[in-house]
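In the text below, chain A, chain B and the rest are named by the order of the sequence lines, each starting its count at 1.
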Amino acid sequence: MNYSSYEIMVVSAARLLKNDDVCFVGIGAPSAACNLAKLTNAPDITLIYESGTIGTAPDVLPLSIGDGELCSTALTTVSGVEMFNYWLQGGRITVGFLGAAQLDRFGNINTTVIGNYEKPKVRLPGGGGAPEIASHSKQVYIIMKQSPRSFVNKIDFFTSYGFGNGFNERSDKGIQTKGPQLLVTDMAIWKPDPTTKEFEVVALNPGVTREAMQESVGWPIRYSETLDENIPPTKLELEVLRDLQERTRIAHSKTGNSGQ
Amino acid sequence: MNYSSYEIMVVSAARLLKNDDVCFVGIGAPSAACNLAKLTNAPDITLIYESGTIGTAPDVLPLSIGDGELCSTALTTVSGVEMFNYWLQGGRITVGFLGAAQLDRFGNINTTVIGNYEKPKVRLPGGGGAPEIASHSKQVYIIMKQSPRSFVNKIDFFTSYGFGNGFNERSDKGIQTKGPQLLVTDMAIWKPDPTTKEFEVVALNPGVTREAMQESVGWPIRYSETLDENIPPTKLELEVLRDLQERTRIAHSKTGNSGQ
Amino acid sequence: MAKFQSLSTAINENLFSGSFVVFEGFTHLIPYAAAHETIRSGITDLTLARMTPDVIYDQMIGMGMVSKLVFSYAGNPGVGLLRRLRDAVENDWPRPLAIEEHSHAAMANSYEAGASNLPLAILRGYQGAGLKGINANIKSIECPFTGETLAAVPALRPDVAVIHAQKADSKGNVLVEGIIGVQKQAALSAKKAIVTVEEIVPELNTHPNACIIPSWAITSISVVPGGAHPSYAQGYYERDNSSYLEWDKISSDRNAFRDWMQKNVLEQGPEVFNERVEHLRD
Amino acid sequence: MAKFQSLSTAINENLFSGSFVVFEGFTHLIPYAAAHETIRSGITDLTLARMTPDVIYDQMIGMGMVSKLVFSYAGNPGVGLLRRLRDAVENDWPRPLAIEEHSHAAMANSYEAGASNLPLAILRGYQGAGLKGINANIKSIECPFTGETLAAVPALRPDVAVIHAQKADSKGNVLVEGIIGVQKQAALSAKKAIVTVEEIVPELNTHPNACIIPSWAITSISVVPGGAHPSYAQGYYERDNSSYLEWDKISSDRNAFRDWMQKNVLEQGPEVFNERVEHLRD
């Protein structure tokens, strides 16, 4: 079955989620991956959106972080204060998902500004929940497409901290969680080197060359000694994902689908 | 109509409550006074019990601070954390009611120990909400029967702070609320002197002599220059209070009435 | 006790040029009608705070009414960037905009500190994050028990909080339900709380622990059916996603923006909101 | 995920001699059955905390199982003093009892700090109050924005929290409603949370913002109908006020106390609670 690079990215992330994960889910690819996992390999996974919805099970993908569907299918919905204090800072989140405008090799993330903070070239939305998602989730998964604009040698602003300059810098700052443990892109799967904490490629998607990889990333890429080829989406995975997206399209067509 | 010294005490306190008061109500005489006020001169008064029940309107007097009746007749019931933070510390309470095992002339209260804290003669229940009710309520009303054991020259422990040693000691400590503004007993009504902050008698209940007063109080009593005689309970006030108490007795007879 | 008032009276009696105002709502129950009434009121030099400034703040910023913004995430939810806010920050158009930027966790706690009448909130926050070096209002305290350094942010104590809610009872007690965000905290953190509601009902008849704001903690209530459009009111109407998409286009051009504001905000009143949600009701 | 277990398994697998345990409940939903099972388990040297230690703590203290008590109000609610606690504090009988005393506001915030994984809670508290001079765990911090001195207390992080609730669904999600006190905060502040419930239902079917503790934040659930008696479970049975009055007499004499405990606790099991509430159900 043919599949897009977006589809293999979402499927690859979904496969790594487990029934006992409690995920702090962002809109877009993380939301697609988490809901796909819930429909396939992790039916008992707990999904939390930062709008306060705990244990939600939307039938279609939400367009915003606070869609009514998230609340009406949730176990319960709590205040913003409780969400960030009891559930995130409280250490209850096993996987926090983050995306980025800019990402560096140590999993540091910028979603604040391109250029200088005081006089930016592009003012981005900012961190929202991300600074504390990055420090309080037991582990952080990053899902994003590779491009030289976003996979940069040096990020313009530290919105969310990953491993800083690598090695033990994160734990030396007193941060007790594991930090970025997985980076899933449209081309590959990356994991941090246990010592240096630099992301290295552990699996390339079928058909992706090292040349194409390097063209999309602004630092010299390291590959794992045990580099694998990623497993293509199965027929079932693709069908479930496409059904989910089609349901989503139909549900939102009435009020305008803002897409991915 | 004949009345007891308990009845005139409750009626006198009730009369001083207003429709726009938001009262933090304690069990016993304060609860009787607040509910009597709601049934007579202040039908729109807001009653809050520290169990979290906001805007409650019990048909009968509660036996405990957390009776089911308080919750089922409340506008809403909040957590203990919210109660103390948003509503009490938040400055929303206009009148906090306190009782005491020991009270001094400056409205300082002891409900912690008789004797020494480390090796007490009598270990009392302690402060509960009182230390912060005393400092955060816009004003504090005290209702209690006079006796030489409880109206003492020097309290054994400062559970809740009134005016300390009087004068500006309270405001000098940075406490911005007014403190004890009313003391209603079975014999008299007392208010603090505006300068010294010592409680002085502003009205004696009918038939109460200065001699009887002094026998029940452990410090030399000061009387206001404008000393009044307190107005006896009206027929209506007594009927409403007695009806309330009779309803209470009947309602609780099934499960055991712990009385006042 | 809350006064029942027309929205224009509520806004004009309580919001003034130079006021510090928060219009809260986390995707759900965003007080659009009240924001538009504020735009019509002609006041300026507002300091605004909000966890998620979105289209209404983009509109107020684009109209030049805002001198300072305190926030934690400034995006068009589900769509992208806020183009009027960008124009103000990047190009000072139509006027310079001072910004004070936090994280969601810090902002939520700042509201709670305000509601609790505390001067500050503490959190384990901003670890390794750049905002700590940029924002002078992110300080720290040392825990006297463990020695740990924790982040400290000042309480938010706005002059006025504006929220939208599902309903009020006849006494002016207000029910907020569903995604409740920080609405209760925002309302209690402010000196005055203005609420727009979908309807007035005789009794709220809800769960014992529902999120209810008592009448005596509210300044003013206005009935504005549809008043959250294009945001939504759970149980009343759905989110109008197409309007959020459309905003991305409108706001991309200064003239298109001003024309749209003239036609859809300045020349309208709160009564248009009811029509706008008609096709979104179940 | 919560395990459904018998109460004796739940207690014996999770509570040990020397554990720091909280049995929470503010007049409503007091976990009597779980406390009695703990007494039968024979463990000792417990550190207990609770805002309102009442009859169950009086019983455990009288049985000599408790070495330290953290509390803010130690009374028999609606009745008077706790006579076994008094005997321990005043006369060291049956053993000395260390106490750490706070105000309600401080204890509630300590639980919240624990649930939030913070080392401390801050409040504007204890102003002019004597506890500040007695309790070394009441310290202060200075607000870095205003210079104000605020009270600081350490977070409560018990080994085990035990609460009673109305119901769980078949997955082990628990609903607490009515007077909810600090049960949610206590459960989340602890390393392990043990819950007794009146019943298991297929779905909780409640208000979107009800107080629900997810299954994955709970260690163990036991079904014990009547398990809060003589406290009550709103919607199930009323408070048994006469038992609280009776306790005042039983507890006034050391021998009467021990006889009563032998007959009514040590020689019984959790199944007796259902009978005890029969006359209190509607």
Taking 4.0 angstrom as the limit, do B:Lys119 and D:Asp92 come out as a salt bridge?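 Result for this pair is yes, salt bridge flagged.
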
Do D:Glu101 and B:Tyr117 have side-chain atoms, one donor and one acceptor, less than 3.5 Å apart?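 There is such a pair between these side chains.
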
Given B:Leu63 and D:Tyr244, is the side chain to side chain contact (heavy atoms under 4.5 Å, CB included) satisfied, shown in steps? CA-CA 11 Å; B:Leu63 294 182; D:Tyr244 283 92; over 6 Å; no

Mind ranking B:Pro131, B:Gly115, B:Gly68 by heavy-atom pairs under 4.5 Å with chain D and telling me who comes out on top?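 Maximum pair count with chain D is reached by B:Gly68.
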
Can you tell which of B:Thr159, B:Asp67, B:Ile109 has the highest number of heavy-atom pairs within less than 4.5 Å of chain D?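 Highest number of pairs under 4.5 Å: B:Asp67.
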
Working to the nearest 0.5 Å, report the span between [atom1] of [X] and [atom2] of [Y].
| X | Y | atom1 | atom2 | answer |
| --- | --- | --- | --- | --- |
| B:Ser51 | D:Ile179 | OG | CD1 | 3.5 Å |
| D:Glu238 | B:Glu69 | CD | CD | 9.0 Å |
| B:Thr111 | D:Tyr73 | OG1 | OH | 7.5 Å |
| D:Asp87 | B:Arg123 | CG | CZ | 14.5 Å |

Chain D heavy atoms under 4.5 Å from [X]: which part of the residue, side chain, backbone, both or neither?
| X | answer |
| --- | --- |
| B:Val122 | both |
| B:Thr53 | side chain |
| B:Glu50 | both |
| B:Thr76 | neither |

What residue in D:Val182, D:Leu131, D:Ile134, D:Leu81 has the most heavy-atom pairs under 4.5 Å with chain B?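 Of the options given, most contacts go to D:Ile134.
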
Greatest number of heavy atom pairs closer than 4.5 Å to chain B - which of D:His28, D:Arg86, D:Glu90, D:Gln234: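 Highest number of pairs under 4.5 Å: D:Glu90.
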
Using non-hydrogen atoms and a 4.5 Å limit, figure out which bit of [X] sits close to chain B: side chain, backbone, both or neither.
| X | value |
| --- | --- |
| D:Leu123 | both |
| D:Phe71 | side chain |
| D:Met107 | neither |
| D:Tyr232 | side chain |

For chain D, which residues of residues 80-89 of chain B have at least one non-hydrogen atom nearer than 4.5 Å to it?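 The residues closer than 4.5 Å to chain D, in numerical order, are B:Gly80, B:Val81, B:Phe84, B:Asn85, B:Gln89.
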
Which heavy atom of [X] sits nearest to which heavy atom of [Y], and what is that distance?
| X | Y | result |
| --- | --- | --- |
| B:Gly129 | D:His104 | N-CD2, 3.2 Å |
| B:Ser64 | D:Thr27 | OG-CG2, 2.8 Å |
| D:Ser103 | B:Glu132 | OG-OE1, 2.8 Å |

Please say whether more than 12 non-hydrogen atoms of neighbouring residues, nucleotides or ligands are located less than 6.0 Å from [atom1] in [X].
| X | atom1 | answer |
| --- | --- | --- |
| D:Glu148 | CD | yes |
| D:Lys132 | NZ | yes |
| B:Arg149 | CZ | no |

Would you call D:Val89 and B:Pro120 a side-chain contact if the rule is heavy atoms closer than 4.5 Å?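 Answer yes - side chains close enough.
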
Can any side-chain N or O of B:His136 pair as donor or acceptor with the backbone N or O of D:Arg124 at less than 3.5 Å?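 Yes, because the side chain of B:His136 sits within donor-acceptor range (under 3.5 Å) of the backbone of D:Arg124.
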
